[in-house]
Amino acid sequence: MASDAAVSKEGLVIPLIDFSRFLHGSPEERLNTARAILHGFQTAGFIYLSNHSIEPASLKRAFDHSARFFAQKTEDKLSVAWTTPRANRGYSAPGREKVSQLQTEEEVEKIRNAVPDLKESFEIGREGEPGYPNPWPAEGALTNFKGEMLEFFEECRLMHVEVMRAIAVGMGLEEGFFDSFVDVGDNTLRLLHYPSVKAEVFKINPGQVRAGEHSDYGSITLLFQDNRGGLQVQSPTGQFVDATPIEGTIVVNAGDLLARWSNDTIKSTIHRVVEPPGKEGIEYPPRYSIAYFCNPNFKSHIEAIPGTFATEEEKKYQGINSGDYLVQRLTATY
Ligand SMILES: O=C(O)CCC(=O)C(=O)O
Ligand SMILES: [Fe+2]
């Protein structure tokens, strides 16, 4: 068996897959693992990976830096504020972003004002992208923040390449098929902080969530969650099911652009973050997570992957430039 289930409820089965069997296994193990990964993305749109290549020590450093970043004074955080969808870098204060499935800016605005998400975030883009510098916090305040976050960014970039290799192998393509589409690392590392919140907030306002329901936009997302819980994934029946944290694993989900690229053979599944399960008194502690949003290189032209259609008529979408697609999606969110 290449996988067990991490989640199995309401027809949603999210496999738990030992990624080392793809990275270091025999040819047969690699193939079986790649197929299990692809199957997870085709059915649930989500998988959990254990024994992956991200060093526990560097993950811990990233979470420590995140806690220190968000503990700063508001004015210090606002000195590195998020600016534009194209740059997509910097700090967003609570209520700044409202992810949702709403398509128009008016719809998003209406919701944002009613029940803002209880979260703040800091986004880091590819360092060195011409014209889009990362707004780094002052070194004095956060020692080693920049250097260690960039190391973590690079580890995640490599992991994206490996997961795409697994998808290629699972699809029966040459292993390196996606390499030249994803090597640049036009990705976004997002630190997320959901501040502590009184339990009554969720009672008074039944629509209140920590992060509204949405799908991700890019190829895949590597999601690192602490042990607080609250992440939920929509099942085929429309119910939201807890994607309970499993120590040492990464939750990986496919995004809209990968779904499109795969001619909808891969699913980009809706998820959200809600009131955590199991009440601990009158106030929930803060929750921290790190989402690494992977994208095809912004310069890439994305059109149906070979093998996902038999005839030209079966191609559901026109080809599209990756960067244009992502900026268009982000523009509707902020
Ligand atoms: O914090 C989480 O667990 C999920 C965050 C998320 O889905 C996102 O930022 O896109
Ligand atoms: Fe997400």
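Side chains are part of it too, since the values below use all heavy atoms of this structure and drop only hydrogens, waters and symmetry mates. Atoms within a ligand are numbered from 1 in the order they appear, just like the ligands themselves. Here, residue 1 is the first one in the sequence, and each next residue gets the next number.
Ligand 1 places these atoms under 4.0 Å from at least one heavy atom of V273: 1 (O), 2 (C), 3 (O), 4 (C). The contact set between ligand 1 and Y194, taken as ligand atoms under 4.0 Å from a residue heavy atom, comprises 1 (O), 2 (C), 4 (C), 5 (C). The ligand atoms of ligand 1 that sit less than 4.0 angstrom from a heavy atom of F293 are 8 (C), 9 (O), 10 (O). Per-residue contacts place L223 under 4.0 angstrom from the following atoms of ligand 1 (heavy atoms of the residue considered): 2 (C), 3 (O), 4 (C). Here is the list of ligand 1 atoms found below 4.0 Å of a heavy atom in S289: 1 (O), 2 (C), 3 (O). When each atom of ligand 1 is checked for a heavy atom of D216 under 4.0 Å away, the hits are 10 (O). Here is the list of ligand 1 atoms found below 4.0 Å of a heavy atom in L192: 1 (O), 5 (C), 9 (O).
Contact check for L118 versus F202: side-chain heavy atoms found under the 4.5 Å cut-off.
Taking the six-membered ring wherever Trp is involved, the centroid distance between the rings of H52 and F19 does not fall below 6.0 Å. Aromatic pair F152/F224: ring centres closer than 6.0 Å.
Taking the side chain to side chain donor-acceptor pair (under 3.5 Å) definition, one finds that T74 meets it with nothing, sequence neighbours left out. Residues satisfying the ring-ring contact (aromatic ring centres under 6.0 Å, His included) test with H271, not counting sequence neighbours, are F46, H214. Partners of F240 under the ring-ring contact (aromatic ring centres under 6.0 Å, His included) rule, at least two apart in sequence or in another chain, do not exist in this structure.
By the 4.0 Å heavy-atom criterion, H271 is counted among the residues contacting ligand 1. Judged by the shortest distance from any of its heavy atoms, R287 lies inside the 4.0 Å radius around the atoms of ligand 1. Residue contact check for ligand 1: H214 places a non-hydrogen atom closer than 4.0 Å to it.
W261 pairs in a ring pair (Phe, Tyr, Trp, His ring centres under 6.0 Å) with only one of the listed residues (F309, F178, F177), which is F178. Residue Y284 forms a side chain to side chain donor-acceptor pair (under 3.5 Å) with just one option from R210, K198, E275, and that option is E275.
The proximity of T221 to ligand 1, defined as any non-hydrogen pair under 4.0 Å, does not occur for either the backbone or the side chain. Contacts between R210 and ligand 1, counted as non-hydrogen atom pairs separated by less than 4.0 Å, are absent for every part of the residue.
Judged by distance alone, the side chains of S219 and H160 do bring a donor and an acceptor atom under 3.5 Å apart. Residues Y317 and D264 bring a donor and an acceptor atom of their side chains to less than 3.5 Å of each other.
In terms of polar-atom proximity, defined here as any N/O pair under 3.5 Å, R190 does make such a contact with ligand 1.
Counting only protein N, O or S atoms closer than 2.8 Å to the Fe ion (ligand 2) gives 3.
In this structure, Y91 and F69 have tilted ring planes: the angle between them lies in the 30° to 60° band.
Electrostatic pairing of K146 and E151 does not count as a salt bridge here, judged by no charged N lying under 4.0 Å from a carboxylate O.
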